[in-house]
J.: 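Input: one structure, supplied below.
When a ligand or atom number is given, it counts from 1 through the structure's own listing order. Note that the structure is predicted; figures quoted are calculated from it, not measured.
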Amino acid sequence: MGRRALRQVDPRIDLSPYLHLAQQLPAAWDSGFFFDQSAPLEIEVGSGKGLFISTEPAARPDRNFLGIEIAAGYAKYAAARIARRGLHNARMISGDAAPIFRERLPSSSIAAVHIYFPDPWWKKRHRKRRIMRPDFLQQIDRVLQPAGRLHFWTDVQEYFEESMQTIAESVRWHGPFPVPIRQPSHDLDYRTHFERRMRLHSHLVYRAEFQKS
Ligand SMILES: C[S@@+](CC[C@H](N)C(=O)[O-])C[C@H]1O[C@@H](n2cnc3c(N)ncnc32)[C@H](O)[C@@H]1O
């Protein structure tokens, strides 16, 4: 399923508090660089148009949320969505999540990682680009606090099954725990835009949650 062109972000919105470029992050990781409040930190990898990163933080103001999005236009779009809501506890990083996990995030520092509908990289020779690969899962394991959680959803059954296998082989987590399916109460009452699209097209969504020991 292709992606539609993004609407332009209103140039009058000041994105500076909400959007940070990966290459301009401070050398030493400091949550205070992003947030005024000290709170457990949750990270979303691949925020896309930013539905999750602009709704979940509004519902859970006592937690901080950081979205990392590699496509600059989407990172900006998601940041604008956060800015319009004036959220104090949600920020975007424009950049690649892999080096940020590998080189920036301290061990045992993150309360939860969210990965929703990661790019499936259909062609066999491109599979190694998938984010649910052993080295990245080991980084998630390293940065999660004890009892920290990974939330992983996809519409691609083969990717889901392969990921369950890779998780079983790469890390020692509890799970997968089943995730209940909620009925939406309005048109944007979905976890992400991709969940919305899949459900409106009656595609199955595979959901799993894991907990670090
Ligand atoms: C299929 S989209 C899903 C977007 C959103 N999670 C949703 O469910 O609507 C996958 C997103 O992950 C982003 N992405 C892919 N690789 C990434 C990486 N290494 N770091 C950060 N974002 C990445 C893509 O640019 C894209 O926006």
J.: Under 3.5 Å between any N/O of F194 and any N/O of ligand 1: does that happen in this structure?
T.: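 The answer is yes, given that F194 and ligand 1 share an N or O pair closer than 3.5 Å.
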
J.: How many angstroms lie between CG in N89 and CD in E56, if you round to the nearest 0.5 Å?
T.: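 Rounded to the nearest 0.5 Å, the CG-CD separation comes to 10.0 Å.
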
J.: Within a distance under 4.0 Å of any heavy atom of G48, pick out the atoms of ligand 1 and give their elements.
T.: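 Contacts of ligand 1 toward G48, numbered from 1: 4 (C), 27 (O).
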
J.: Between the side chains of E161 and Q165, is a donor N or O closer than 3.5 angstrom to an acceptor N or O?
T.: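 Not at all, the side chains of E161 and Q165 share no donor-acceptor pair under 3.5 Å.
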
J.: Measuring from atom 4 (C) of ligand 1, which candidate in G46, A75, A22 has the nearest non-hydrogen atom?
T.: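 Among G46, A75, A22, the closest heavy atom to atom 4 (C) of ligand 1 comes from G46.
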
J.: So which of R196, R182, R199 actually passes salt bridge (Lys or Arg N to Asp or Glu O under 4.0 Å) with D189?
T.: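 Testing each of R196, R182, R199 against D189, the sole residue satisfying salt bridge (Lys or Arg N to Asp or Glu O under 4.0 Å) is R182.
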
J.: Please could you name the atoms of ligand 1 that D96 approaches to less than 4.0 Å, counting only its heavy atoms?
T.: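 Answer for ligand 1: 18 (C), 19 (N), 20 (N).
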
J.: Salt bridge check, R130 against E162: does any charged N sit closer than 4.0 Å to a carboxylate O?
T.: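 Looking at E162 and R130, the cut-off is met.
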
J.: Under 4.0 Å from any heavy atom of D119, which atoms of ligand 1 are there?
T.: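 Answer for ligand 1: 1 (C), 2 (S), 10 (C), 15 (C), 24 (C).
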
J.: Any idea which part of F117 is under 4.0 Å from ligand 1, heavy-atom wise: side chain, backbone, both or neither?
T.: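 Both the backbone and the side chain of F117 come within reach of ligand 1.
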
J.: Give the atoms of ligand 1, by number and element, whose distance to some non-hydrogen atom of G95 is under 4.0 Å.
T.: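 Within the 4.0 Å cut-off of G95, ligand 1 contributes 20 (N), 21 (C).
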
J.: Can you check whether V113's main-chain N or O pairs, donor with acceptor, with R149's side chain at less than 3.5 Å?
T.: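 Judged by distance alone, no pair lies under 3.5 Å.
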
J.: Got an N/O contact under 3.5 Å between I70 and ligand 1?
T.: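 Right, the criterion is met.
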
J.: Starting from the C-alpha separation in whole Å, work towards a yes-or-no answer on salt bridge (Lys or Arg N to Asp or Glu O under 4.0 Å) for R127 and E158.
T.: CA-CA 12 Å; R127 294 275 166 87; E158 171 271 318; 3.8 Å; yes

J.: Can R172 and S213 be counted as having a side-chain donor-acceptor contact under 3.5 angstrom?
T.: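 Checked: R172/S213 side chains show no N/O donor-acceptor pair below 3.5 Å.
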
J.: Inspect the contact between E42 and R60 and indicate whether a charged nitrogen and a carboxylate oxygen are less than 4.0 angstrom apart.
T.: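 Yes, R60 and E42 are salt-bridged.
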
J.: Polar contacts were defined as any N/O atom of the residue lying under 3.5 Å from an N/O atom of the ligand; does this apply to S47 and ligand 1?
T.: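 Not met; the criterion fails.
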
J.: Within the structure, does E69 bring an N/O atom to less than 3.5 angstrom of an N/O atom in ligand 1?
T.: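 The answer is yes, given that E69 and ligand 1 share an N or O pair closer than 3.5 Å.
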
J.: By number and element, which atoms of ligand 1 are closer than 4.0 Å to a non-hydrogen atom of H193?
T.: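 Ligand 1 atoms under the 4.0 Å threshold to H193: 9 (O).
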
J.: Polar-atom distance check: T192 versus ligand 1, any N or O pair below 3.5 Å?
T.: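 Yes; at least one N/O pair falls below 3.5 Å.
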
J.: Side chains of F52 and P57: does their closest heavy-atom pair fall under 4.5 Å?
T.: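 No - every pair of side-chain heavy atoms lies 4.5 Å or more apart.
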
J.: May I ask you to identify, for I131, whether its side chain, its backbone, both or neither come under 4.0 Å of ligand 1 on a heavy-atom basis?
T.: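 It is the side chain that touches ligand 1; the backbone stays farther off.
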
